[in-house]
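One structure below.
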Protein chains: 4
Amino acid sequence: MEKIKVGIVGGTGYTGVELLRLLARHPNAQLQVITSRGEAGLPVADMFPSLRGVVDLCFSDPTTVDLTQCDVVFFATPHGVAMAQAPSLIAAGVKVIDLAADFRLQDAAEFEKWYKLPHSCTDVLKRAVYGLPELYAADVQQAQVIGNPGCYPTTVLLGLAPLLEQGFIDFSVPIIADAKSGVSGAGRKAEVGTLFSESSDNLKAYGVAGHRHHPEILAQLKKLSANDAVNLIFVPHLIPMIRGMLTTLHVKLNAKGQQQRLQQLYEQRYAEAVFVDVMPAGALPETRSVRGANVLRLAIYPQAADYVTIIVVQDNLVKGASGQAVQNMNLMFNLAPDAGLQVLPLLP
Amino acid sequence: MEKIKVGIVGGTGYTGVELLRLLARHPNAQLQVITSRGEAGLPVADMFPSLRGVVDLCFSDPTTVDLTQCDVVFFATPHGVAMAQAPSLIAAGVKVIDLAADFRLQDAAEFEKWYKLPHSCTDVLKRAVYGLPELYAADVQQAQVIGNPGCYPTTVLLGLAPLLEQGFIDFSVPIIADAKSGVSGAGRKAEVGTLFSESSDNLKAYGVAGHRHHPEILAQLKKLSANDAVNLIFVPHLIPMIRGMLTTLHVKLNAKGQQQRLQQLYEQRYAEAVFVDVMPAGALPETRSVRGANVLRLAIYPQAADYVTIIVVQDNLVKGASGQAVQNMNLMFNLAPDAGLQVLPLLP
Amino acid sequence: MEKIKVGIVGGTGYTGVELLRLLARHPNAQLQVITSRGEAGLPVADMFPSLRGVVDLCFSDPTTVDLTQCDVVFFATPHGVAMAQAPSLIAAGVKVIDLAADFRLQDAAEFEKWYKLPHSCTDVLKRAVYGLPELYAADVQQAQVIGNPGCYPTTVLLGLAPLLEQGFIDFSVPIIADAKSGVSGAGRKAEVGTLFSESSDNLKAYGVAGHRHHPEILAQLKKLSANDAVNLIFVPHLIPMIRGMLTTLHVKLNAKGQQQRLQQLYEQRYAEAVFVDVMPAGALPETRSVRGANVLRLAIYPQAADYVTIIVVQDNLVKGASGQAVQNMNLMFNLAPDAGLQVLPLLP
Amino acid sequence: MEKIKVGIVGGTGYTGVELLRLLARHPNAQLQVITSRGEAGLPVADMFPSLRGVVDLCFSDPTTVDLTQCDVVFFATPHGVAMAQAPSLIAAGVKVIDLAADFRLQDAAEFEKWYKLPHSCTDVLKRAVYGLPELYAADVQQAQVIGNPGCYPTTVLLGLAPLLEQGFIDFSVPIIADAKSGVSGAGRKAEVGTLFSESSDNLKAYGVAGHRHHPEILAQLKKLSANDAVNLIFVPHLIPMIRGMLTTLHVKLNAKGQQQRLQQLYEQRYAEAVFVDVMPAGALPETRSVRGANVLRLAIYPQAADYVTIIVVQDNLVKGASGQAVQNMNLMFNLAPDAGLQVLPLLP
């Protein structure tokens with residue numbers, strides 16, 4: 001089979017280098033072009049020595065390169081870049097996977113409110129698919145444009161999907177998502193707040209008054225539960241580790257939900273999901289058990305007062321970003337689900 | 001004024017060395033004796049070179065040393081040691097401050113259930129005071145025996161006290177305490193789980209099915225709210241940092257509570273508390289802002305659906321353990337509240 | 001081709017789990033058995049959840065399992081275990097790769113001095129090959145028993161081999177190897193010194209008075225230089241990172257050496273070595289550029305006074321241990337050199 | 001006694017906040033003014049919440065504030081700022097302590113070569129004193145302008161002073177200083193290279209081809225040894241820890257030096273130095289043993305071939321910067337040497 005020709009726009013951030021790591025060993029993909037405004041001409045391996053001898057490309061100037069030669073283009077760029085370029089790519093038959101937020105929120109007004117940008121291609125947005133393969137595989141297969149989910153939403157939605165789909169949650173109280181992310185989630189930007197000396201040996205919450213993933217999660221919670229009255233309290237925290245995300249979910253079960261064997265429910269729901277691992281009752285997932293791998297692990301704990309706590313871990317850069325993007329690509333091109341995604345977690 | 005003569009039982013753990021750091025510079029205290037079963041004869045500064053030139057004592061054999069020469073004895077020992085020795089010390093007029101759990105739970109049956117030890121001196125227990133000075137200062141002043149609070153309980157109780165005391169919480173839903181601790185909370189014991197290579201660059205929850213601080217918190221919540229129907233969901237997490245604790249509290253306000261200006265309530269409640277800092281609205285406390293200091297900082301965030309989120313930080317070894325113990329000592333001996341506790345946080 | 005049947009003795013340490021990670025995805029190897037004295041019966045994936053769904057084996061009892069069914073057995077055990085079992089395995093035609101020190105030092109007296117154990121099979125020792133493939137590939141191919149090199153020696157020897165082989169070093173002054181290792185080098189043993197709270201945010205030297213890798217390095221330096229008058233100052237340091245080793249080598253060039261273009265010398269020497277990367281002049285290798293991968297990178301810096309500084313990095317658990325062991329296996333069974341070793345470094 | 005009035009220019013970096021921490025509790029000093037170009041008007045405690053309730057100042061605009069009201073002004077600024085302002089302060093009788101490099105190198109041409117700035121007040125430079133109190137106490141006492149030493153030079157010079165002063169080093173081979181610094185040494189600047197995700201779990205050398213501390217060390221080595229033929233190989237490394245510096249020094253002893261008892265020599269040389277701790281023979285200094293404190297510890301190891309290895313640790317922000325600056329101030333104003341510097345190391 002001929003290899004899929006892949007382009008990456010914006011390859012100098014963490015999701016970019018992670019796409020490179022995964023795609024460089026993908027049996028069915030061929031890295032064709034990778035762009036960077038600031039680094040055009042520089043060999044990729046000069047910026048990321050981990051790829052010396054593996055990736056021979058140089059960064060291309062995004063203003064001169066022709067991306068329509070590609071079969072699929074990943075956007076590992078700031079918000080707003082993908083929507084500017086998507087229409088012409090689509091017109092040329094190129095599939096688009098955006099790792100930023102341009103195609104995540106179906107409600108353009110919500111997008112504009114949270115990202116302070118007008119949405120420039122709402123028609124494309126309408127046809128875009130929210131790329132969470134465990135929930136929307138059939139849509140992903142047919143999609144030409146994917147809005148790759150945010151890292152936090154991936155944990156919350158896969159952590160709650162079995163309950164949401166079955167209508168087992170009592171929405172009279174808010175869902176509480178106490179989420180924790182490694183520092184790489186903030187990206188490879190020069191900022192004081194994520195310096196080693198600022199974020200090491202330290203712990204803080206952030207975005208308590210409003211985080212961009214809040215509307216994304218909420219929209220999906222409403223869609224999956226077919227209920228507009230969902231309340232969500234979402235508190236993200238910054239953890240002194242490079243990679244990894246752990247989300248602790250507290251939800252109240254309704255009368256129907258209280259009668260279920262939740263462990264069994266989750267195991268059955270995800271029996272065919274190669275990248276979701278429901279741990280045995282009582283187990284405690286830890287982020288290092290998925291470090292570097294496209295796996296999301298979760299465990300379920302019944303609590304007092306008809307509550308249940310669900311703990312979900314993933315690598316924020318893999319299942320929470322670039323790995324999920326490749327998983328979407330595999331579906332869109334009808335490849336083996338785990339093509340290029342067989343890399344095992346690095347532990348310790 | 002003559003200096004208070006201080007003894008420390010069990011000085012080789014982290015709360016022990018932290019007591020040494022604080023007491024070595026305390027203007028009104030004199031370190032008299034420090035014991036260790038395993039290290040008798042060893043100069044303290046050989047084990048903790050940070051104290052070279054400052055602490056000249058050697059560890060004493062606990063079986064031969066006479067602790068009744070002391071005015072106060074701190075127990076920085078495993079659970080069960082203080083209750084074995086407290087009666088004879090009390091008989092000799094020595095005050096006792098236990099940093100373990102022997103005198104924290106008034107209900108001896110609860111103690112025995114969680115700590116798997118019979119309580120050997122329930123009469124002493126009855127007179128023991130729960131050493132949270134911001135809540136029980138008057139009792140502490142009169143106490144001969146202090147059960148120094150656990151680190152997690154300190155954050156939860158000081159984080160909620162203003163609401164509990166005023167009766168502003170809706171107890172029909174559980175209080176959710178999503179707590180995060182640095183690794184030093186696990187102590188200076190040789191265990192695989194807290195090795196650097198196991199707990200660095202990693203994040204996990206633990207004790208979800210039941211943590212010993214759960215009954216301690218619950219007992220105090222009931223006492224402070226004068227309400228036995230309190231539910232608590234308590235999920236502790238292990239954070240890859242040495243020191244620091246951040247607890248995220250989610251509570252529902254009742255009708256009365258919804259009409260309050262909580263920021264003002266908290267500021268007034270803690271106006272005279274020299275070791276509690278209510279941050280301005282919108283601020284985000286971080287653990288490094290209290291690293292090494294006897295300070296607890298908190299911030300209050302109104303949420304949807306009549307919920308409020310309160311974020312509390314402290315250094316688990318200081319305000320969560322040894323600093324609080326010294327704070328109790330100061331009260332018991334009528335010293336300046338901040339004597340020996342003026343050390344500033346180390347940032348970065 | 002039929003897959004090679006692999007046994008691992010002692011699979012609960014870090015070199016053990018690293019062998020599992022590499023061999024589980026090896027195209028030509030089949031994990032047959034893995035033993036553990038303490039954990040017999042436990043599913044491997046219960047101890048290492050990173051392997052859930054990938055490794056289905058349970059740990060076997062080493063006293064009952066028959067390892068002669070294997071084609072090759074790796075010993076990821078404390079020193080002394082391999083030499084006890086090697087003779088019977090060899091008699092059964094099984095190849096042996098020892099990741100401990102039993103077959104590293106040809107001089108049994110030296111072994112006994114440093115490891116405080118009598119050597120129980122000096123005849124096997126004589127035929128054992130020091131498994132540094134870039135130096136001794138032909139011997140490795142023929143070997144039945146491999147002494148897999150220590151992590152520090154790998155960096156020093158590959159860092160100096162081009163100079164040693166050509167006779168370019170002035171041995172009138174000592175070779176100085178200032179070496180730095182991540183904490184995983186100390187293994188997965190419950191010890192206070194490598195607790196997170198002891199070794200995080202900290203730096204120290206250790207073993208300055210004598211480290212077991214010193215005689216190993218020295219023996220090879222003498223062999224490679226054919227010179228018994230070599231002096232070595234070796235100072236290892238413990239770095240607060242999980243994986244990674246960086247060795248800074250300072251050597252004086254002799255008259256011949258001063259006339260060489262060392263950059264070119266190194267590039268030519270390692271042109272065919274798929275796992276050694278000579279970086280361009282002026283580049284600065286960092287350990288994360290090899291994290292998780294079987295790669296050793298180095299760079300060469302001319303210094304004043306006819307000295308040269310060579311900086312070498314590797315992942316101590318991969319090229320410094322388990323990856324190198326698999327590299328040896330590939331040679332011994334005539335497989336592709338990089339079979340099972342194509343995994344890319346994890347960065348960030 | 002009236003308190004000394006202190007000004008700080010450039011208070012938003014790590015040496016600035018460290019000066020604040022130490023001076024806020026100094027019994028003889030009064031923080032009068034602190035400037036920042038970018039943050040004028042902002043309360044200091046808003047930027048550094050660790051100082052809430054302790055430092056009530058706001059940052060002042062450096063262009064409008066009158067620093068001549070101060071008795072002493074610390075410059076915690078980029079190189080070049082102090083020399084621009086020093087002349088007018090000196091004219092007004094204000095003492096100046098520069099934590100940058102403006103007054104470290106007596107040779108203005110060397111300064112200009114390494115710092116790419118013309119030196120604007122070479123007359124002041126001539127009278128400036130290199131502020132290493134253990135070596136130049138008498139000069140510091142008389143000084144009006146102090147060039148506070150760099151962090152690396154402090155470790156190298158105090159580590160070698162006893163040998164240099166006595167003429168015990170064989171200069172026919174280079175002195176090798178293999179130095180390691182925590183990340184805070186790079187300052188509080190937004191740069192990609194010192195992001196948490198870049199420098200955590202990683203190790204690298206830097207500045208191998210030339211570091212600004214090289215000429216500073218070399219100038220002092222020559223001065224202390226009264227020998228212009230000194231060679232120095234200086235290789236700094238970046239360690240994933242916030243604070244702390246460990247320098248490993250390798251030197252060859254000359255014939256005279258080989259006959260000395262070095263342990264005794266060092267102990268005697270530093271017997272009166274309250275901030276230098278010579279550890280007992282065989283001890284291994286670690287950086288955490290000085291974390292946050294104005295202490296430099298060292299240990300001496302005889303090696304083969306008449307070499308000696310000396311290992312030196314300090315907190316780069318305290319004895320390597322702000323603590324040393326306060327130590328200089330104490331000398332200049334005839335205060336107790338340890339005034340404001342009694343804070344104990346934070347361990348763990």
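So that the names make sense, note that chain A is the first sequence line, chain B the second, and so on, each numbered from 1.
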>> Shorter than 4.5 Å, heavy atoms on both sides: which option in C:P174, C:S197, C:P348 has the most such pairs with chain D?
In response: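 Option with the top pair count is C:P174.
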> For chain D, which of C:T287, C:L284, C:V173, C:N202 has the most heavy-atom pairs under 4.5 Å?
Replying inline: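 Of the options given, most contacts go to C:N202.
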>> As a test of understanding, state which of C:N316, C:T194, C:T15 forms a side chain to side chain donor-acceptor pair (under 3.5 Å) with C:S184.
In response: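 Result for side chain to side chain donor-acceptor pair (under 3.5 Å) with C:S184: C:N316.
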> Going by the salt bridge (charged side-chain N to carboxylate O under 4.0 Å, His left out) test, which pairs reach into residues 204-223 of chain D, not counting sequence neighbours?
Replying inline: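 The answer is D:R104-D:E216.
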[Y] backbone acceptor or donor facing [X] side chain under 3.5 Å:
X	Y	result
C:K116	C:W114	no
D:T155	D:Y152	yes
D:S199	D:L195	yes
C:Y266	C:G159	yes
C:Y301	C:A283	yes

Which atoms of [X] are under 4.5 Å from chain C, going by heavy atoms: the side chain, the backbone, both sets, or neither?
X	value
D:Q303	side chain
D:I239	side chain
D:R243	backbone
D:L203	both
D:A205	both
D:N231	side chain
D:P240	both

> Looking only at heavy atoms, which two atoms of C:L317 and C:A321 are closest? And how far apart?
Replying inline: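 Shortest heavy-atom separation between C:L317 and C:A321 comes out as O-CB, 3.6 Å.
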>> Checking side-chain polar atoms at under 3.5 Å, does C:S50 have a donor or acceptor matched by the opposite partner on C:R21?
In response: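 Short answer, no.
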> So, C:T154 versus C:Q314: side-chain donor-acceptor pair below 3.5 Å or not?
Replying inline: no
> Checking heavy atoms, do the side chain of C:I311, its backbone, both or neither come under 4.5 Å from chain D?
Replying inline: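 C:I311 touches chain D through side-chain heavy atoms alone.
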> So which residues of residues 246-260 of chain C are in contact with chain D at a heavy-atom cut-off of under 4.5 Å?
Replying inline: C:L246, C:T248, C:H250
>> Could you check, using the six-membered ring where one of them is a Trp, whether C:Y206 and C:H237 have ring centers closer than 6.0 angstrom?
In response: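 Ring centroids of C:Y206 and C:H237 are no less than 6.0 Å from each other.
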> Any idea which of D:K180, D:M245, D:R288 has the most non-hydrogen atom pairs under 4.5 angstrom with chain C?
Replying inline: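 Among the listed options, the one with the most contacts to chain C is D:R288.
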